[in-house]
Amino acid sequence: MDWKNQLCFELKKIEGDSYIDEVMKLLNHFSGLGDESRFEKLESKLKVLRDHLEEYSDDCSEAPIEDE
């Protein structure tokens with residue numbers, strides 16, 4: 001489950017994106033029944049995201065950085 005928590009943490013940094021929202025929904029529905037199918041869908045979406053990561057990093061770099 002560490003991989004799931006790490007992935008959720010990283011993806012939550014990208015707000016307001018419908019594709020990321022779909023991935024997050026898949027991540028939140030692992031229960032044991034049908035997980036293999038959900039994992040295949042998740043894996044496919046993550047591969048697409050990896051292939052287009054530069055587009056997301058460009059969008060994220062334009063976001064203002066807040067100091068705590």
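Side chains are part of it too, since the values below use all heavy atoms of this structure and drop only hydrogens, waters and symmetry mates.
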Residues at least two apart in sequence or cross-chain that pass salt bridge (charged side-chain N to carboxylate O under 4.0 Å, His left out) with Lys45, listed by chain then number, are Glu22

Distance, nearest 0.5 Å, that separates CG of Leu7 from NZ of Lys4:
10.0 Å

Quick check on Glu10: does its CD atom have over 12 non-hydrogen neighbours (other residues, nucleotides or ligands) under 6.0 Å away?
yes

So how far is it from Asp21 CG to Leu26 CG, rounded to the nearest 0.5 Å?
11.5 Å

Among residues at least two apart in sequence or on other chains, which ones pass salt bridge (charged side-chain N to carboxylate O under 4.0 Å, His left out) with Glu40?
none

Can you measure from CZ (Phe39) to CD (Glu36) and round to the nearest 0.5 angstrom?
10.0 Å

Measuring from atom CZ of Arg38 to atom NZ of Lys25, what distance do you get when rounded to the nearest 0.5 angstrom?
14.0 Å

For the atom pair CG (Leu49) and CD1 (Ile14), what is the distance rounded to the nearest 0.5 Å?
6.0 Å

Taken to the nearest 0.5 Å, the spacing of Leu11 CG from Leu46 CG works out to 7.0 Å

Membership question, hydrophobic clusters at under 4.5 Å side-chain separation (ILVMFWY): are Phe9 and Leu42 in the same one?
no

